[in-house]
Amino acid sequence: MTTSVSAPAFSADRGDGTYRNPVLDADWSDPDVLRVADDFYLTASSFGRVPGLPLLHSRDLVNWTLVGHALHLLEPASEFRAPRHDCGVWAPSLRHFDDRFWIFWGDPDQGVFQVNAPEIRGPWTRPHLVKEGKGLIDPCPLWDEETGEAYLVHAWAKSRSGIKNRLTGHRMRPDGTGLLDGGKVIVDADRLPGWFTLEGPKLYRHDGWFWILAPAGGVETGWQGAFRSRDFFGPYEERVVLEQHDTDVNGPHQGGWVRTAAGEDWFLHFQQRGAYGRVVHLQPMRFGADGWPVLGDEGAPVAVHPKPALPAQPPAAPATDDDFPGGRFGRQWQWTANPQDGWATQHSGDGLRLTCVRSVHAHDLRKLANVLTQRLPGIPTVTEVELRLDSEEPGARAGLAVLGDAFCWIGLQRDADGSARLVHRFAETVAAGAPPTPSGQWGRERDAAPPRPAPEGRARLRIETRAGARCHFSYDVGEGWHSSGRVFAATPWRWVGALLGLFAVAPTGGGHAGAATFTTFRITPSS
């Protein structure tokens, strides 16, 4: 008899031996998965946010927790002092070889990097450049236990290289430090009728074949392909193994295959969901009589399915809430660029104390490096935080934001007379061909609602996110909750979902700009 278990608000575990998709309902883009003994690990793209390369752990492929990050600074550091939201870490691959964990990723502007560590929690090495070049993305290594050789496959970003829709293979040094040849195109999808934008390859050895699982057709409308060859350098046969069919899962895109200790096969992949980013689905997988993999329900994504045959685990999900003990923030938070000392200060009490960093971009959150962010959940939620503006600096401001290619925030600002006001502002993107604005390519920040007095310099702030990532803002400055402004529709960046952010900033000038303190950050599901 199955006993029902009450699951955390964001867990995909239904408590009855089944799970629902997505298993990670937020922007864990380009996931790859690995099993070591009885533990499963997952990493994902982190683009320009720091720390990067998130590390998630599970015992059942359904309930996941965030246990750390493998990349603590983006390199070269000078390139990431300012936000580069869609650059940086693209599509990592996670592997275990020679008693070490390895992560390879492509930076589209620099080349293929790797880091490695003896344990998943580190210490991780500094990034090592394996192959330099523009447009080198989505790398995946393979250490072939049958031959003792090592290989690397990668895709191409047309925006940097002028090349796409093909996969290049190399022999690699077994220590992962470099490549042994100039590379060869091993899959040219221009020669495959109907195939376009082939990318995201994951490389495996199984049943005497080299396997490449790779998506094509674009993130919103594409499909998952499988390729196999007896020789790494080809020729490869191909087959479509997962596509939308009549489901709600558009363009089931790149991910990774993992086998349990008992021999069950599973596949984790992402689905592009607009402002919510790339959410992660878990598909059953098996090999058919003809030796080809069959994913999902005969090639269609599943919505609900029995969990893997693994020991029962407590329901879990990556953390969202934070009380900021001692001024420290949890693993779920990332800066929008490489951080600098003094942005957040530790202290003896609770609460996040952010310095009001002086910036010429004080009125455009998209250009600020000192915004502390976490992922926007993919279900309707209510986000709340308490804020105290400690800075007496005229123009100093702090608040809670929804950040994307357009942004909106609500918070407090210090006036020239020393008083504090509750402010609510937004900025939209500028259409192509429109006249330039003071903010450059983006729109000017404007009031979403008239400023209001905040006599104590304190406020409770709330964002209720409803279907379609439509955001409703409200505030409490001591007189109860009040709605503020019109509905704001969250927007993604080009590759990154919308983010929730906390920030403190001040206009340029001399002297110390003070700080702002955030307490009791909570995200709860709403109906």
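None of the values given here were measured: they were computed from a predicted structure.
A donor-acceptor pair under 3.5 Å links the side-chain atoms of Thr336 to the main chain of Ala369, judged by distance alone. In this structure, His347 contributes its side chain and Gly349 its backbone to a donor-acceptor pair below 3.5 Å.
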Applying side chain to side chain contact (heavy atoms under 4.5 Å, CB included), run through Arg397 and Arg414 and close with a yes or a no.
-> CA-CA 6 Å; Arg397 47 163 62 179; Arg414 187 70 63 182; over 6 Å; no
Going through the distances and angles, do Ile523 and Glu384 end up as a side chain to side chain contact (heavy atoms under 4.5 Å, CB included)?
-> CA-CA 7 Å; Ile523 302 179; Glu384 292 185 8; over 6 Å; no
Verify ring-ring contact (aromatic ring centres under 6.0 Å, His included) between Phe267 and Trp257, making sure each step is shown before the conclusion.
-> CA-CA 4 Å; Phe267 186 74; Trp257 163 34; 9.0 Å; no
How far apart are the C-alpha atoms of Gln283 and His269, what are their side-chain angles, what is the distance that settles it, and do they pass the side-chain hydrogen bond (donor to acceptor under 3.5 Å, both in side chains) test?
-> CA-CA 8 Å; Gln283 304 295 339; His269 68 92; 3.1 Å; yes
Chi angles and distances behind the side chain to side chain contact (heavy atoms under 4.5 Å, CB included) call for Phe521, Leu400 | CA-CA 10 Å; Phe521 184 92; Leu400 169 66; 4.2 Å; yes
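Counted by atom type alone, Ser484 and His424 present one or more donor-acceptor pairs between their side chains at under 3.5 Å. A donor-acceptor pair shorter than 3.5 Å cannot be found between the side chains of Trp124 and Glu119. Side-chain N/O atoms of Asn250 and Thr221 include no donor and acceptor closer than 3.5 Å. Side-chain atoms of Gln114 and His128 include no donor-acceptor pair closer than 3.5 Å. A side-chain N or O of Thr18 and one of Asp16 form a donor-acceptor pair less than 3.5 Å apart. With no hydrogens or angles considered, no side-chain donor-acceptor pair links Arg35 and Tyr41 at under 3.5 Å. If you check the side chains of Asn116 and Arg100, you find a donor sitting under 3.5 Å from an acceptor. When only modelled atom types and interatomic distance are considered, Arg126 and His72 share no side-chain donor-acceptor pair under 3.5 Å.
In summary, Asp138 and Lys202 do not engage in a salt bridge, as defined by a charged side-chain N under 4.0 Å from a carboxylate O. Between Arg494 and Asp405 no salt bridge is recorded (no basic side-chain N to carboxylate O distance below 4.0 Å).
Nearest approach of Thr491 to Ala498, heavy atoms of both residues: O-CB, 3.5 Å.
Atom CZ of Arg259 is surrounded by more than 12 heavy atoms from other residues, nucleotides or ligands within 6.0 Å. Arg458 CZ: 12 or fewer foreign heavy atoms inside a 6.0 Å radius. At most 12 heavy atoms of other shown residues, nucleotides or ligands fall within 6.0 angstrom of atom CZ in Arg486. The number of heavy-atom neighbours closer than 6.0 Å to CZ of Arg121, taken from other residues, nucleotides and ligands shown, is 12 or below. Within 6.0 Å of CG on Asp341 lie no more than 12 heavy atoms contributed by other residues, nucleotides or ligands.
Residues Leu53 and Trp105 have side chains in contact (heavy-atom distance under 4.5 Å, counting atoms from C-beta outward). A 4.5 Å side-chain heavy-atom check between Leu352 and Thr517 finds every atom pair outside the cut-off. In this structure, Thr320 and Phe10 have side chains that are in contact, with non-hydrogen atoms separated by less than 4.5 Å.
Here Phe40 and Trp64 keep their ring centres 6.0 angstrom or further from each other. Between His305 and Trp266, a ring centre-to-centre spacing shorter than 6.0 Å is recorded.
For Arg375 and Trp28, the positive end sits near the middle of the six-membered ring, less than 6.0 Å away and at most 45° from its axis. Both the sub-6.0 Å distance and the 45° axial angle are satisfied by Arg462 relative to the ring of Trp481.
When His253, Gln271, Arg20 are each tested for a side-chain hydrogen bond (donor to acceptor under 3.5 Å, both in side chains) with His281, only one passes: Gln271.
Within the structure, salt bridge (Lys or Arg N to Asp or Glu O under 4.0 Å) pairs that include any residue of residues 58-67 comprise Asp39-Arg59, Asp60-Lys307 (at least two apart or interchain).
Not counting sequence neighbours, the partners of Val487 by the side chain to side chain contact (heavy atoms under 4.5 Å, CB included) test are Arg470, His472.
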